Peer 1: 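Pasting in a structure now, in C-alpha cells, and then I'll have a few things to ask.
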Amino acid sequence: MTLLITGARPYGEDAADILVEDGRIVAIGEDLAATGAEVVRAAGLVALPGLVDLHTHLREPGREDAETVETGSRAAALGGYTAVHAMANTDPVADTAGVVEQVWRLGQQAGLVDVVPVGAVTVGLAGERLAELGAMADSAARVRVFSDDGHCVADPALMRRALEYVKALDGVVAQHAEEPRLTVGAQMHEGDRSARLGLTGWPAAAEEAIIARDVLLADHVGARLHVCHVSTAGSVEILRWAKSRGVQVTAEVTPHHLLLTDECAEGYDPVFKVNPPLRTDTDVQAVRLGLAEGVIDAVATDHAPHAVEDKETEWASARPGMLGLEQALSVVVATMVETGLLDWRGVADRMSARPAAIGRLDGGGLHAHGRPLAPGEPANLLLVDPGTRAVVDPAALASRSRNSPYAGRELPGRVVATFLRGVPTVLDGKAQK
Ligand SMILES: [Zn+2]
C-alpha cells in the first residue's frame, strides 16, 4: 500500500510531502508523486512521530466494564499514540507469562496501537516476593518494563533484588513512589488546603523519600530505574541530583500534573482525585521546567479509566485516577508548547523517542517505535492541527469510562490522523483523500 501525505509540517518545520510504502517512510520532500497512492492532504498540519505511552491502565482482564484493550487502544490512537504500555494491575494481575501474552494478543487483535504489556514486579502486586520476571521477559510479549504501579515496591531489600534481576534482562523497574506508611488514608495533597477541606493529606515527602532511596539503590546495583508520575518540586530536585551523578534514572510526568493543581479539590468532585494527588502551583511550575530541561524524560498519561459507580461517589470512597490518552497531546501543547517551554521536536522527544527508549521499543525493524520521521523508518506518525481549540466533552470519548478531568475545558491541538506502520488508525475528514 502506498500513501502520500502532502503539505505536512514535520516537527512544525517547513512543509513537505511524506511518501509511505509497505509500512515505511520512503521519502520526505517537496512535490513528491506516486501513481496509485492514497493521498492525505495535510496542509497546515504538524507531523510528529507516533506517540508512545509508558503508563496506561487498560483494565482488561478483569474490569472490562471500565475499559478493554480495544476501547483503550482506540482512545490511544485518537490521542496520536502508536504504542502504549499496559500496566500490570489487572485481575488477574499481569505477573506471569500467560497473562502478559494474553494482553499482548488482545492488543494485536485490536490492531490500533502496539500494546506492550508491563509485568508486575511482585506476585499479585503484594510486595512480598518477586514475580516470574525472566519468564515474562522471554514471553511473546517481550516485557522490559516491570512495575507494581498502583502500589509502591516499599520493601527496600525486595526493591534491590528487583533492580538486580531486571538489570540482567535489560529491563527497568518503574516505581510508583509512595511510602505507604506516610499515606495511610490519604485523600489529597497535604498542605493548607487539605487541612481546611478536612481531607487526609498525602505529603510530598512520601514521594520524595522513595525516589531518594531508589536512586541510591539503582546507583548501588548499577540498574535502570524509572520513576512514575513525578508530581513534586522536591522530586525534580532529587532527580536532577541523581542524573548529575550518573545514576541511570528516568522519570515521567502526567498531563494532569502539568496542568491541574490541588485547587481542583475545592469542589470535592472526585474526578479530580488521583494518586499521586494534584499538587500546588509551585509543583506544577517545577515539573514543567523539569520536563523542559529533560530532568523529567517523558510525558506518560497514567490513563486510569473507572466505572461510574467507582468514581461518581463521595470523595473519600472514590477510586483515584483520571483518563488521559485522548487529551495528552493537547495538554502538552497548552502547558509546554504555547508557553514556549518546548518546541515540536521537544514534544516528539518527550512523548515518543524517550519513552520508546525507556521501554526498549526503539530498536531497528518495522516494529520499532520512537524513531524519527525519516526515510527508512517505520511509518508511525500523527498529524495534529495545532490551531484548533475544542471543548472536551466526556460523552464523545472513545474510552469506555467518562472520568476526564478536562470536561468542559477548552484545549488546543486536535489530532487529525494517526498512522500505525502506514495504516490509518484515525483519519479525520479534514485530511481529505
Ligand atoms: Zn501509579
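For ligands, and for the atoms within them, numbers begin at 1 and follow the listed sequence. Sequential numbering from 1 along the given sequence is applied to the chain's residues. All values reported here derive from a predicted model rather than from experimental measurement.
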Peer 1: For the Zn ion (ligand 1), decide whether H229 has an N, O or S atom at a distance under 2.8 Å.
Peer 2: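 Here the distance criterion (N, O or S atom, under 2.8 Å) is met by H229, so yes.
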Peer 1: Quick one: report the N, O or S atom of D149 that is nearest to the Zn ion (ligand 1).
Peer 2: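 The closest N, O or S atom of D149 to the Zn ion (ligand 1) is OD1.
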Peer 1: May I ask you to check whether H176 brings an N, O or S atom to under 2.8 Å from the Zn ion (ligand 1)?
Peer 2: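 Given the 2.8 Å cut-off, H176 counts as a ligand of the Zn ion (ligand 1).
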Peer 1: For D310, run the salt bridge (charged side-chain N to carboxylate O under 4.0 Å, His left out) check against R59, R319, R402 and tell me which one passes.
Peer 2: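 Option passing the salt bridge (charged side-chain N to carboxylate O under 4.0 Å, His left out) with D310: R319.
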Peer 1: Measure up the H229 and H55 rings against each other and bin them: parallel (under 30°), tilted (30 to 60°), perpendicular (over 60°).
Peer 2: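 Rings of H229 and H55: tilted, 30 to 60°.
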Peer 1: Look only at the side chain of E208 and the backbone of T232, and say whether a donor-acceptor pair between them is shorter than 3.5 Å.
Peer 2: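 No, E208 side chain to T232 backbone: no donor-acceptor pair under 3.5 Å.
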Peer 1: We want to know whether Q187 and T200 form a side-chain donor-acceptor pair, criterion being a heavy-atom distance below 3.5 angstrom.
Peer 2: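 Q187 vs T200: no donor-acceptor pair found between side chains.
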